[in-house]
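FYI, the numbering just counts along the sequence from 1. Note that this is a predicted model, so its numbers are computed, not measured.
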Amino acid sequence: MNTTPPLIEVKDLSIGFDNHAGDTLPILRNIDLTLYPGETIGLVGESGCGKSTLALAMMGFLKPPLRVLNGVSLFKGQDMFSLSGSELESIRGGDLALIPQNAGQSLTPTMRIGKQIIEALRLHTYLPKEQWYARAVELLTQVRLPEPEILLARYPHELSGGQQQRGAVAMALAAEPDVLLLDEPTTGLDVTTQAHVLELLRTLALETGTAMVYASHDLGAIAQVCDQVVVMYAGEIVFSGTANQVLKRPVHPYARGLLSSIPRLKDAVVPPSMPGQPPAPGGVGKGCAFVDRCSMAEHRCYEERPALEVTAKSELVRCHFYQKIDQLPPVEMPTRRESNIADQADILLNLDQVAISYTKPRILDQILGKQSKAPATVDRIDLKIARGETIGLVGESGSGKSTILRAIAGLITPVNGTIKFDSSENLNQIVDKRSKDVLRRIQMIFQNPDSSLNPRHTVAEILAQPLKLYFGLQGQELRDRTEALLNRVRLRTDYLERLPSQLSGGEKQRVAIARAFAAAPDLVLCDEVTSALDVSVQAAVLELLTELQGERFTTYIFVSHDLSVVRAVADRVAVLYLGRLCETGPSENVFGIPSHPYTEALLGAVLEPDPDVRPKLVAEDILELSPPTTGCPFQRRCSRRIGKVCDQEVPPWQMTMDGHEIACHIPLRELRALQEKKA
């Protein structure tokens, strides 16, 4: 038994809101949770289960119109909801810090990064003023940001999503807090950066005794950091135990379903999603909240709410029949989907020597007609994408994946090369100059739905726009189509009247996906479309993408940091580093035995939902802003660097099999032998 006083105690806490009819609808129900110094607790569950609400309640914050219905949330013995504003300010950001899901919303857009970190140091530490700048540099270095002196002078919009998130982590660590509340803190990070940040958090907990509450749908991240895991469903705790108990031997059917919904790098299939949806607030009957989705349900489950019982292994489980969990048959994995490419020669999109640059030439250089000497953000991109194909673009933040999508979408224009659509349409022009038909046929789903959904429009208005614009739908037909779209992305029809601010992060992304599908496109540009989704909804969305592709031979360009997701959906994969292609080929070949050292580094950092499996970080822990001017772009981090040839000469492309190509100086035979020996 732990004799140290707890840092956080949540006792019988219920939180809810009053609807227009005057009924009180609960969001959290009778939550009990205790956090001790040095302990890390993971909160997991689908979007809307209450995990973020619980984490924010621990710091005394509720989004209107939520209110406390009963119970308390204590921090060091103080009831957070009874403190004044000034008392809360003295705790928040100091002893109790938050790392939010969306760093873009938590960073002030008009303040430089350095000034924001220094403000945290000024408000929450006793550090002398003359040491603030050095400490800010130290914090950015600690979270693996390159050239910290340069980044401190930049504004948030000048950083990538992953860089913004690391900046938010640095701000939270500024005051060396007793408790860190982490709300999906690695959602926007690439696979290697995520692995390094999680390693940092784990080290921080061990060395400083910092306690953490980690709310996430990423069970791989939870497995790497957390001692205890709490599974939430419909606003209540349904299962909790050690990380090994919850993630390896779950005795609740909901936890079992979550784990079965996770794509695995070795399986190369879209995993099955759990049937049904969580109940709406106030929609739980007198029985078990999970009853309508549970394959073990019996009559008692509909009539009696199960209590949170202590098992023989000291777990807490809310299920009448958890002892029977081992009697359930193993989850049947689907077979590998067939490719939808009817004809490999039927090219829908052709990128020929495409180069894209964000560097703006100086006025004097424009007058003199001089070209910028800065390397292009993306350079020498050659890709041919067939109709009905799914190609995955993978690489770390800053590798140019989203930049390529933005150029195809017409949001930026290439400085060199050509982009051809359906053999004749020139996509080098900006979106305003494209025809209405091309605009309909090419749709993009952005990584951050907050930046792509109009905050003043309801979901109904958002979905109606493409239906009106491209198909002229009105009246009941328009309403029927919007409801059908919501149903396809697993949202209830009552969401039509909600604003984006009334949706969770995962729900916003599902609306963005539905809006893209409303245009019946031929090409969908998917920029991290599942990064904000919980694992069960992610599986359903991947199933939806597969179904739509089968129905319409839709082509997808799929950008994702989650290599397991790319493995599940992609026919081919293109690996990018600092805007340069390193490797391309069929998914089976690239993920089977990767040939390029950078691909090896990416796959080694993939997280498994298993506390006993640690990532293999084989590349140097460096994040570069631009490629070297000569030689291989990966030369400074490569674990297989062979000498000056890597520094001085552009690596040649080598063909292996079935269109599998790599750009590397090491002969294929030697490289494969090294990797097979290491494996």
Side-chain angles (χ1 to χ4, degrees), residues 158 160 347-386 389 391-435 438-439 442 444 523 525 527 555 557 559 572-585 596 598 624-635 647-655 659 661-664:
E158 296 178 298
S160 71
I347 302 300
L348 181 68
L349 191 70
N350 185 3
L351 284 75
D352 182 16
Q353 288 291 296
V354 171
I356 306 164
S357 179
Y358 288 113
T359 303
K360 296 180 180 179
R362 296 179 300 176
I363 295 177
L364 181 60
D365 289 340
Q366 293 182 51
I367 295 173
L368 298 177
K370 292 183 178 180
Q371 297 294 321
S372 171
K373 294 182 180 180
T377 304
V378 166
D379 200 14
R380 300 189 301 274
I381 302 299
D382 281 317
L383 286 173
K384 289 181 172 62
I385 304 170
E389 181 177 23
I391 184 167
L393 301 184
V394 303
E396 295 169 308
S397 293
S399 64
K401 309 181 298 296
S402 297
T403 297
I404 293 172
L405 291 196
R406 289 169 64 84
I408 297 169
L411 302 178
I412 52 178
T413 54
V415 296
N416 192 33
T418 59
I419 305 176
K420 288 289 182 69
F421 178 64
D422 208 3
S423 73
S424 60
E425 292 283 352
N426 184 0
L427 298 186
N428 281 46
Q429 55 195 354
I430 204 72
V431 65
D432 293 342
K433 297 182 180 179
R434 296 182 180 181
S435 69
V438 169
L439 293 177
I442 301 176
M444 184 167 182
L523 174 64
L525 309 175
D527 190 5
T555 301
I557 302 180
V559 165
R572 266 192 316 138
V573 179
V575 184
L576 288 146
Y577 184 73
L578 295 177
R580 278 69 178 160
L581 283 171
C582 296
E583 182 170 5
T584 65
H596 197 283
Y598 179 53
E624 303 177 284
L625 293 180
S626 59
T629 54
T630 61
C632 174
F634 192 55
Q635 60 182 266
D647 303 337
Q648 299 172 355
E649 298 181 22
V650 175
W653 281 98
Q654 305 178 68
M655 177 75 75
E661 298 179 283
I662 71 158
C664 188

Closest approach of Pro628 to Gln635 (non-hydrogen atoms, all atoms of both residues): CG-NE2, 3.3 Å

CG of Leu576 to OG1 of Thr584: how many Å apart, nearest 0.5 Å? 10.0 Å

For residues Glu389 and Ala386, report the shortest heavy-atom separation together with the two atoms involved. OE1-N, 2.9 Å

Rounded to the nearest 0.5 Å, how far apart are CD1 of Ile662 and CD of Glu583? 6.5 Å

His596/Phe634 under side chain to side chain contact (heavy atoms under 4.5 Å, CB included): CA gap, chis, key distance, verdict: CA-CA 10 Å; His596 197 283; Phe634 192 55; 4.2 Å; yes

For the residue pair Tyr358 and Arg406, what are the closest heavy atoms and their distance? OH-NE, 3.9 Å

Note: Cys582 and Tyr577 closest approach over all heavy atoms is SG-CB, 3.7 Å

Counting only pairs under 3.5 Å, give me each side-chain donor-acceptor contact of residues 347-356, with atom names and distances, residues two or more places apart or in other chains.
unit_1 : atom_1 : unit_2 : atom_2 : d
Gln353 : NE2    : Asp382 : OD2    : 2.6

To the nearest 0.5 Å, tell me how far Thr403 OG1 sits from Ile408 CD1. 11.0 Å

Table please: side-chain donor-acceptor pairs of residues 409-427 below 3.5 Å, with sequence neighbours left out.
unit_1 : atom_1 : unit_2 : atom_2 : d
Asp422 : OD1    : Arg387 : NH2    : 2.8
Asp422 : OD2    : Arg441 : NH2    : 2.9
Asn426 : OD1    : Asn428 : N      : 2.9

Heavy atoms, side chains only, cut-off 4.5 Å: are Ile404 and Ile557 in contact? no

Audit row: Tyr598, Glu396, side chain to side chain contact (heavy atoms under 4.5 Å, CB included) steps and yes/no: CA-CA 10 Å; Tyr598 179 53; Glu396 295 169 308; 3.2 Å; yes

Is a side-chain donor or acceptor of Lys401 paired with a backbone partner of Gly395 at a separation under 3.5 angstrom? yes

Are Arg572 and Ile385 close enough, and set up right, to give a side chain to side chain contact (heavy atoms under 4.5 Å, CB included), and what steps lead you there? CA-CA 9 Å; Arg572 266 192 316 138; Ile385 304 170; 4.3 Å; yes

Quick one: closest heavy-atom pair of Gly579 and Ile381, and the distance? O-CD1, 3.7 Å

Main-chain N/O of Arg434 paired to Gln429 side chain as donor or acceptor, under 3.5 Å: no

Closest heavy-atom pair and its distance - Thr630, Gln648: CB-O, 4.1 Å

